[in-house]
Amino acid sequence: MEVEIKLRLPDAAAHRRLSTYLLPGLRRTHAQRNLFFDAAARTLAAATAALRVRLYGPDDLAPTRAVLALKRRPRLVAGVSRVEEIEEPLDPALALACADDPARLGGVDSPIVRLVADEYGVGGDAAPFVCLGGFRNTRAVYELGEEDGEGAGLVLELDETRFDFGTSYELECETAEPDRVKAVLERLLTVAGVPYEYSRSNKFGCFMAGKLLP
């Protein structure tokens with residue numbers, strides 16, 4: 001079970017302000033391309049599951065790495081997200097091949113692919129994979145220092161997510177202590193003068209809706 005705090009920022013100005021405030025703790029920045037796979041009948045989506053291939057790197061033709069993930073049964077309440085998640089590395093060249101020929105993903109030797117076939121009946125000849133499309137994300141990863149008090153050691157992810165229909169901005173933090181960490185992040189944003197609200201939808205939900213959701 002992945003547990004995250006998800007706080008939505010209203011616009012690019014808020015994103016820039018928070019980026020500047022957190023800059024001393026910047027550890028790395030990732031360029032991500034996210035692609036989603038399902039059957040033509042949207043069998044996984046109907047079961048509140050999402051099968052994602054994430055490619056890392058600025059060059060679409062030469063990703064540095066790729067990760068296959070299955071997320072299911074998401075719950076997002078008052079900015080606290082809980083979702084069942086399984087991840088495994090995927091060869092970047094194979095990931096590109098599956099992006100070009102989605103049905104090929106069904107033949108990949110993968111525990112996740114086998115689980116999807118066994119539990120949802122997706123990926124075989126009767127319901128081959130199709131690619132639903134996806135979105136791009138720039139993720140800046142920060143670590144809070146001792147000067148941040150009780151937030152010291154927290155790893156924050158600041159996302160700029162570009163859909164075909166618009167751009168969203170979100171601060172995330174994975175944690176086993178959601179109530180405590182949410183309070184820490186709320187204080188941090190208040191001190192930084194950055195407006196925010198609790199996220200009420202995840203990125204996949206926005207993608208499937210075809211519009212920015214709160």
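Evaluation of the side chain to side chain contact (heavy atoms under 4.5 Å, CB included) rule for F165 yields F163, L212 as partners, not counting sequence neighbours. Under the salt bridge (Lys or Arg N to Asp or Glu O under 4.0 Å) criterion, R104 pairs with no residue at all, not counting sequence neighbours. A search for side chain to side chain contact (heavy atoms under 4.5 Å, CB included) contacts involving R200 returns P214, not counting sequence neighbours. The side chain to side chain contact (heavy atoms under 4.5 Å, CB included) check on D179 picks up nothing, with sequence neighbours excluded. Checked against side chain to side chain contact (heavy atoms under 4.5 Å, CB included), A31 has no partners two or more places apart in sequence or in another chain. Under the side-chain hydrogen bond (donor to acceptor under 3.5 Å, both in side chains) criterion, S199 pairs with E170, sequence neighbours left out.
Contacts classified as salt bridge (Lys or Arg N to Asp or Glu O under 4.0 Å) and involving residues 112-130 (residues at least two apart or in different chains) are given here: R72-E119, D109-R114.
L18 is connected to L144 through a chain of hydrophobic side-chain contacts under 4.5 Å among Ile, Leu, Val, Met, Phe, Trp and Tyr, so both are in one cluster.
Not one N or O on the side chain of N34 forms a donor-acceptor pair closer than 3.5 Å with the backbone of R54. The closest donor-acceptor contact from the side chain of R52 to the backbone of K71 lies at 3.5 Å or more, if one exists at all.
Here CD of E85 is found 11.0 Å from CE of M1. Values are rounded to the nearest 0.5 Å. To the nearest 0.5 Å, atom CG of residue L171 and atom CD of residue E4 are 10.5 Å apart. To the nearest 0.5 Å, the span separating OG1 on T138 from NE2 on H30 amounts to 11.0 Å. The distance from atom OG1 of T43 to atom OH of Y120, rounded to the nearest 0.5 Å, is 11.0 Å.
Atom CD of E147 has more than 12 heavy atoms from other residues, nucleotides or ligands within 6.0 Å. Under a cut-off of 6.0 angstrom, the local environment of CG in D164 is sparse, with at most 12 non-hydrogen atoms contributed by other residues, nucleotides or ligands.
In the hydrophobic clustering (ILVMFWY side chains linked at under 4.5 Å, chained through shared members), V67 is joined by Y56.
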Name each donor-acceptor pair under 3.5 Å that joins a side chain in residues 152-161 to protein atoms two or more places apart or in another chain, with its distance.
from : atom 1 : to   : atom 2 : distance (Å)
E157 : OE1    : R139 : NH1    : 3.4
D159 : OD1    : N137 : ND2    : 3.3
D159 : OD1    : R139 : NE     : 2.8
D159 : OD2    : R139 : NH2    : 2.8
D159 : OD2    : K203 : NZ     : 3.0
T161 : OG1    : N137 : OD1    : 2.7

Please tabulate, one pair per line, all N/O donor-acceptor pairs under 3.5 Å involving side-chain atoms of residues 87-103, not counting sequence neighbours.
from : atom 1 : to   : atom 2 : distance (Å)
E88  : OE1    : S110 : OG     : 3.3
E88  : OE1    : I112 : N      : 3.3
E88  : OE2    : S110 : OG     : 2.8
D91  : OD2    : A93  : N      : 3.1
D91  : OD2    : L94  : N      : 3.0

Return all side-chain donor-acceptor pairs below 3.5 angstrom for residues 21-29, not counting sequence neighbours, or 'none' if the list is empty.
from : atom 1 : to  : atom 2 : distance (Å)
R27  : NH1    : G25 : O      : 3.3

With a 3.5 Å cut-off and sequence neighbours excluded, list the donor-acceptor pairs that the side chains of residues 181-196 form with protein atoms.
from : atom 1 : to   : atom 2 : distance (Å)
K182 : NZ     : A78  : O      : 2.8
E186 : OE2    : Y198 : OH     : 2.5
R187 : NH2    : E150 : OE2    : 2.3
T190 : OG1    : E186 : O      : 2.8

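In this pair, Y169 and H15 present their aromatic rings tilted. The plane angle is within the 30 to 60° band.
Closest approach of S201 and L76 over heavy atoms only: N-CD2, 3.4 Å. The minimum heavy-atom distance between V80 and P178, with the atom names listed, is CG1-CB, 3.8 Å. Residues F204 and A49 approach most closely at CE2-O, 4.3 Å, considering heavy atoms. Across all their heavy atoms, C131 and F37 have their closest contact at CB-CE2, 3.9 Å.
Looking only at side-chain heavy atoms (C-beta outward), E172 and S81 stay at 4.5 Å or farther from each other. R42 has its side chain within reach of L132: a pair of non-hydrogen atoms, C-beta onward, lies under 4.5 Å apart. Using a 4.5 Å heavy-atom threshold, the side chains of D38 and L51 count as separate. Looking at V113 and V116, their side chains never come closer than 4.5 Å, going by heavy atoms from C-beta outward.
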Just do the side chain to side chain contact (heavy atoms under 4.5 Å, CB included) check on E84 and L70 with the steps written out, would you?
-> CA-CA 8 Å; E84 295 179 19; L70 176 66; over 6 Å; no
For side chain to side chain contact (heavy atoms under 4.5 Å, CB included), just list the numbers for L213 and R8, CA-CA rounded to whole Å, side-chain angles, deciding distance to a tenth of an Å, and then say yes or no.
-> CA-CA 10 Å; L213 299 173; R8 187 69 53 86; 5.6 Å; no
